Amino acid sequence: MSASLDTGLTRGDYPLSVNRPELLRTPTGKPITALTMDAVVSGELSAEDLRIAPETLELQAQLADASNRPQLAMNFRRAAEMCAIPDAEVLGMYNALRPRASTAAGLAALADRLETTWSAPVCAGLVREAAEVYARRDLLARAGAEDGEDTP
Amino acid sequence: MGAPDRDPSSARLVVGVDIGNSTTEACLAAVAPDGSVTYLGAGLTRTTGVKGTPDNTAGALRVVRDVLARAGRRPDEVHTVLLNEATPVISGLAMETITETIITESTMIGHNPTTPGGQGLAVGTTVSIADLAGQPPGDPVVCVVPAEWDFDDVARVVNAAVARGVAVVAAVLAGDDAVLVTNRLDRPVPVVDEVRAVEKVPLGMLAAVEVAAPGRTIRTLSDSYGLASVFGLDPEQTRAVSPVARALTGNRSAVVVRTPSGDVTDRRIPVGELVLRGAGKELRIDVDAGAEAIMATIARLQPLDDVHGEPGTHVGGMLAQVRDTMADVLHDADGSAQPPAEIAIRDVLAVDTFVPAEVRGGLAGEIALENAVALAAMVRTSRSRMQLVADQVSEQLGAWAEIGGVEGEMAVGGALTTPGVDRPVAVLDLGGGSTDAALLTRDGVCTAVHVAGAGELVTKLIDSELALGDREVAEGVKWHPLAKVESFFHLRHEDGTVQFFDQPFPPQVFARVVVLTPDGPVPVETRHGLDHVRRVRRAAKSRVFVVNAVRALRQVAPGADLRALDFVVLLGGSALDFEIPELIADELAPYGIVCGTGNVLGTQGPRTAVATGLVRAHAAASSCPAG
Amino acid sequence: MTATQPRPSDQPRHSLRTDVLEARPVNLDGFVEEWPEKGLVAMESAFDPAPSVRVEDGRIVELDGRQRADFDFMDTFIADHAIDVASAEESNALPSAEIARMLIDPRASRDDVLAVTRGLTPAKVLDVLKLMNVVEIMQGMQKMRARRTPANQAHSTSARDNPVQVAADAAEGALRGFAELETTLGVLRYAPLVAIALQVGAQVGRGGVLTQCALEEATELELGMRGITAYAETISIYGTESVFIDGDDTPWSKAFLASAYASRGIKMRFTSGTGSEVQMGNAEGKSMLYLEIRCILMAKGAGVQGLQNGSISCIGVPGAVPGGLRAVAAENLVASMMDLECASGNDQSFSHSAMRRTARMMPQLLPGTDFVCSGYSAVPNADNMFAGSNFDTEDYDDWNTIQRDFQVDGGLRHVREDEILLARSKAARALQALFAYLDLPAVTDDEVEAATYANSSADYPFRDVLADLKGAQAVMDRGITGLDIVKGLESAGFHDVAENLLTVLRQRVSGDLLQTSAVLTADFTPLSAINDPNDYAGPGTGYRLEGERWAELKKLRHVTSATDPESEVR
Amino acid sequence: MTTATPDRTVSLRELSPAVRGTRPDEVVIAVSPAFAGHFTKTIVEVPHAEVLRQLLAGIEEQGVGARLVRVRDTADLAAIAHIGAKLSGSGISVGILSRGTTMIHQKDLARLSNLELFPQSPLLDPAVFRMIGSNAAQYAKGESPQPVPTRNDQMARPRWQAKAALLHLKEFECIEAGRGPVEVEAVFELTDAG
C-alpha cells in the first residue's frame, strides 16, 4: 500500500488515468503504464491485469468524497471490499439478498462470512441492516414457502 | 505409450498435424534418436477454410500452439511439424424431388384433420350451406360450409334443413369445427373439416365423405372397388380413379367428388440424367430411377473417373455447382484458378428419400410424401496446395514443416495404437463430408479410398424427412438420443424406460419429443411421435454410413471380399456417435469382422489417428538409418 | 343470417373535417382520464403525502408524515442512505417556492442547489416540482445536469441478432456521435457474439465509445467482467415496496449489485421511470412522479453514479394522462437535482404522431441532459429489440436539422456517406478478421459488402444460426475476454481498433469511468461531473454550442452553398 | 375476424365452491374477478361471451371437457391460472383477465412460470382464443401442440398501455379478499335473436 493513499485526493487529480497514472496499479501489481499493446501481443497480460484494484477504488472514493458524493464513495468502498470475492460467490450473495430468499440465520451467516473470510465489514454492515429490515417487513424466507421466479 | 523417459535434450519435439474437412487435429511427441516416441499430448480445433488450401494455416497454427501450451512447451522448441498429404476431398449435397402429386378439378380431399366429426360413409350431392334453406327435401346432400360460418349457426341451419326433410348426410367445413358441429346435430353425420380452400369444392356434384373411427383409417374411398361401388363406375372408369384410392390410403377421413375430368396424378419430374464414366465405359442413368439403380450403375464403373449431369437439368446444375466451388478453392502453382472442367467427380452416393410436400391442387393443404433422391458428390484432385500451408507453418513457428504421408496410411498407423488391434487392419474414417477406408495388410501394403457421403448428408436427410426446416434441430436429432417429456418430473427414453427428476423441466419441453443434450432436453418441433423420429434418424444413418462402410471396405478388401478383413477400426467425428458404430458393427458381424471404435494411443478415442500416424511414420523413418 | 348487417341509419352525420381529424395518427394513441386514488395521475394528487422530516439522535424518525416504526423499506432506505441527515430539517423547512426559485435562478449555482436538495424528502421534492411549469423545469435542467457537455446514447440491435449488422450499425452510430451504445438480443444465446460485434463496431466508428448488452444479471455481469462490454444500465428499481418485491429485489440487493459492478471497474446506472408502479397495479395510491422521486432517492442512497429515467418502457402510461410529459421532464430534473447522471428516456415507441414524438423530447434536447436519449434507435425500428424507440435511423436527418435550427447539441452530427460507408465496411472487415482469429463462424465477403450498404437486417445474407450459437457458446466456454479481442484485432492488422479497445479496457483499471456522468472523449479523456462540471450561471455561461462543434452541426445532407448557389456545401 | 352471428352475452352463474376435478380429460378455464361481470368485453372489445365461447369450442373440438371457475381473491394472472391448474383434473388450465390477457398453465409448474403466455391483450382476437382453447385441450391429452403464434406490435404501447393499466386497476377493485374460487356455469344469451 503506497503512502499516497493517506494523502486525500482532490478533484484536480481526476481523471487519474491522465493526471495521476503513477497511483494506478493492477491487482497483479503492474503499473497502468505497463498495459501496452506490446505487452498484450507478447502475452504478458492476462485478464486479471485488466481488473480494478481495491486501492484504486479507495482513490476513487476519495475523489467522490472530495466532490461531495458520500453515497458514491460508500459504494466504492463496498466495491473495494468485494474485489477479492469470486464472481460466482458475488452473484450468490446478491441472490441471497433477494426478498424471501434467506432466513435471518442465513443473512447473519452471510454477514459473518463477509466480515471474517473476505474482510468486508462495510458490506457485512449492509447485509445486517437488510436482515433487520427484512425481519420487520416480512421479507425473510419462510419455511415451506412456494418457489417463485422473478416476473413483474 | 510405453517409451521410457529419455534425456529430453537428445529427443526432438515433433508435432503431427492432420487437416481434415471439419477438424484439424494435432499430436505432440518427443522422438528420441533411436526412434522411440514419447507422446506428450493431442488436441483439435475447427479447420479454417477448405481443406488443402492456404487458409488451413491459421487452424494448424492454432492447434499446434494449443497442444504445446497444454504440454508446457514453447513453440521454439519444436523441431518438425508433420502435415498430412491432404488430398482435397470436398463434397456437395443436393436433393431433388422426383415425384409430384397433382389433384385436378378438386376431385379429392384426403388429409388428416386432427379432429374430424362423426363417422361412417355417406354419399350425396354437394350443396353450399348458404343454399340449404332452398334445397328441396329428398335427395341426400353433402353440405359445404365456407370459412366465415360459426359452428353454432352451421348446426342450426343443418338441423333446420333436416327437420324439413332434407337428407343432409355429411358436411365439409373450412374451419376446425367438425366435432363442434357434430356435437350439435340432431342426427350426427360424418364431417370433414380444416378444408382451407373449401370454396373450390365443386357444387351440385355427387360426393362421398368417409370418416373412420379414432385410431382407424378409411376403408371404402381408399379402395378402387370401393370407389367403383360408391359411384357406380365401369371397369374403365375404375382404372381411372385408382390413383385417387391410392392417394387416400392411410387417411382417417376423406372426401371424393365425382367430376367429369377430375383426376389425381402421380407425376415423375424429369430431374435429368447422370453421365458416369469409369473403367473405360460411359453409362447414363436417369436420376428418377432411384438410388438403387444409380448405385448399381456406379458399381459397374469402378473406379469412377468422372460424373456429369445433363446440362439444363436439376442434376446438371447441382454437379456444376460442386465443380464451381472446387474451382474457387483449387489453384495451380502459379495461383491461377483451376478450370471447373478439369475437376473430376470421383464418387457419388445416391440415397432414396422423401420430402413432405403440399399437394398441388389440394384443397386442405394435403401433404404427400414425395419421393426424392439425395446425392452426395465428391471431388478429388491431385493438386493440393498443402506445400504452401507447410511453408507458412514453418515460417511462423520457426520449425521444419514437412508433408508427411498419405492420409489413409497415416490413419492406419494411428489406429494401430488402439489397444487390441493388429495387422491386417482396415480403418473407416467417418467424417462430415466423406467416408474413407484404408487397409494395411500383414506385409505393410496400404490401400486407401474415399467415398462420398457422411455426417452432413445424414443431417440433411433427417432435416428434410422430418420437415424440420432447421439444420440445428436436425443436428440435435442426429447426435442425441430422444425422449418424450411426459410430465414436469419424468420423461420416457426412446427405449421405453422412464426416468424421474427432482427438479421440474422447463415449460417449453413439457409434453414434447426432446433430444437429450448434455445441457438438458431440447424440444424437437415436430408433430411426429418419438418412434417416427427415431426411425427416420436410424434409417438416415444406416443409408449413409452402413452403405458407405460396406462400399468403401469392399474397395480396399482383397478381392473385394469383406470376409478377407479381420479388424476394422472406426475413426473420425461420427465414430463418436452413440449408434453409428453399433449399426456398422451389426452389418459387418456376419462377415466375421472385429469392428469397434478406435482409441488412439489408448486415450484419444477415435480422434487424432492421422496426426499420431504421422509421428509414428516420422519416428520409424528417422530410426531406419540407425537400425 | 349471412346478410351483412344493415347500417343503422340514425347515426349522426359527421363533418368532412371530423373525418380528416379522425384519420390523424395522434388519434391512434391512447388517452385516459386520471384516477388519483389508484395512482393513475401524473404529479398532482391529493393522495400524495405532505412533506415532513424529524431527526432524533442523528437518525430520521419521521419521513413525509410517517413514523419510523411504520416505514416501509423504501422509507427506511431513503431515510438511512439517501437524505443528508445533517441538513434535512433545515432544508425541508425552506419554503418550496424558495427552492423552486433557486432551481431557475442563475445566481444560485448548481452546488448551492445541491446543498439544499441533498437534505430533501421525497414529498418535499415533489412539492417543489409541482410549483414548476415545463419551461422552468427545462431551465432547472440546464443548470442541474451533472456533466457540462451533453451526450446521446443509441440502441444497436438486429432482428436476426446478426453480429455483422450490429457491428456495422454500431460503427455508423459511433461515427454519428453517440457516446454510448446498447444492445440486446432476440435469441439470448447469441449475446456473446453480438456484444463482441458491438464493441468492435463502436471502436471502429469512434474510439472510446462505451458499449453494453442488456441481459439477465448474471450474464450481463459476466460479459462486463470479461471486458466484452464496458457498462451496464438495465438494473430496474421501483417506487413501492410491493412492486419492488414483485421484481424480486430490495434496495439492499440492488445496492449490493451496484457495488459488485464497481468492484469489477464497470460503470453502471439504475433504471426506473414514472408509470411502472401503476402499470403493475401497485401504486399504493401515490402519483407517478412521487413514486419516481422515491426511486431516484433510492438510487442516490445506493451510491450508484447515475440513473436512466423518463418513464422508459412505461411511457404509454404518463403519455396518456394530463400533464404526463411535464412529469416525465420533472423526473429527469429530479435525477439531476440529486446529483446523479441522467440518461433521460426518449427510448421507447411513444406515439403514432410525428408531432408528439418530437414534442416529447424537447424538454430534454433543449436544456441538454447527460444522455438526451437513453436509446435512440441506431437501427431501423423493425430491428430494434428493445421494442422500438421514439427515434430511429429514419429520423437522423430530422434530428440533425432540429439541432441546427435551435443551435442545440443533441449529441449527433451529419456525416457524409463516404465516411459512413468506410466505417461500416471497416467494422464488418474487422469483425471478419476477429472471428477468423478467434475461430468463430466466418463472416463472408458477401456479408461485408452487404453490411457496407445495408439499411436493415433484411439486407444481409442469412447466417448459419447453428454455427453462430455454437460459436457464442464457445466464447463463454473458452473464456474469451476483451484482451483476446484486442489481440485478434492487432494480429489482423486493425491496429487502431485494437488500440482503441485496449484503451477502453485500461479505463477499468483506473476506475475513472465509475464517477458520475463519465464518458470517454475521442482522445480517451474521461469526462465526468468532476472534470467537466456543469457551470451554468446564466446567459453566456455553461455549455454553449459554438466554435468547431457548431460548425460541424451546421452541416446537413443538403445545404445550398452561398459562394456557389448552384452547388451544395459538402 | 368478425362473424355474422348475432351478438351474445354471457353471465356466469355461481354454482358451488370449486373443487379439484377428477377427470383427466378436462381443462379448467379460470376467469378473473371482474370477467363477464363488472366487465363485458376485452380491451379491444371482444365480448367476453365470445372469448368464452371460443375457448370452450377449442377445447370441445379436441374432445376434451371444460369446467369454468371464477377466482375472486386475486387479479394476478399467474395466480389465477395456477389456481385453475391445481383445480383441473388434467392439471391444465387457461387463465384469463377481463382485458383479455391469457395464459395456459400446468399444476406442477412454479406459479410465475407458464406453458404459454399471451401478454399483449390488444392483439388477441376470437380466432386466437379458439387456438388457445385447442392447445390447452391438447396439453390435457398429452399431445404436443405447436404453441399459438404470439404477435407483437411496437405501437401497442402508445395506444393501449394506459388503458390496460386502467382496466387492471378496475379489476383489482373487484377482488373479494378471502373468498375462494367458485365453480360457475356460463349462461349464453342472444341479444339479437333475429
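The chains referred to below are lettered A, B, ... by the order of the sequence lines, with proteins before strands, and numbering in each begins at 1. Remember, it's a predicted structure, so these values are computed and weren't measured experimentally.
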Got more than 12 heavy atoms from elsewhere within 6.0 Å of [atom1], [X]?
X      : atom1 : result
C:E37  : CD    : yes
C:R189 : CZ    : no
D:K41  : NZ    : no
C:E394 : CD    : no

Look up atom [atom1] in [X] and atom [atom2] in [Y], then write down how far apart they are to the nearest 0.5 Å.
X      : Y      : atom1 : atom2 : answer
D:Q154 : C:S377 : CD    : OG    : 8.0 Å
C:D248 : D:L112 : CG    : CG    : 9.0 Å
D:M155 : C:F350 : CE    : CZ    : 9.5 Å
C:Q279 : D:L169 : CD    : CG    : 9.5 Å

Heavy-atom pairs under 4.5 Å with chain D - which of [options] has more of them than the others?
options                        : value
C:L40, C:D29, C:L28            : C:L28
C:A283, C:G275, C:C314         : C:C314
C:P318, C:A320, C:G388         : C:G388
C:V317, C:N282, C:N384, C:V321 : C:V317
C:G319, C:G316, C:S351         : C:G316

TODO: Using non-hydrogen atoms and a 4.5 Å limit, figure out which bit of D:E173 sits close to chain C: side chain, backbone, both or neither.
DONE: side chain
TODO: May I ask you to name which of D:A165, D:P158, D:A75 has the most heavy-atom pairs under 4.5 Å with chain C?
DONE: D:P158
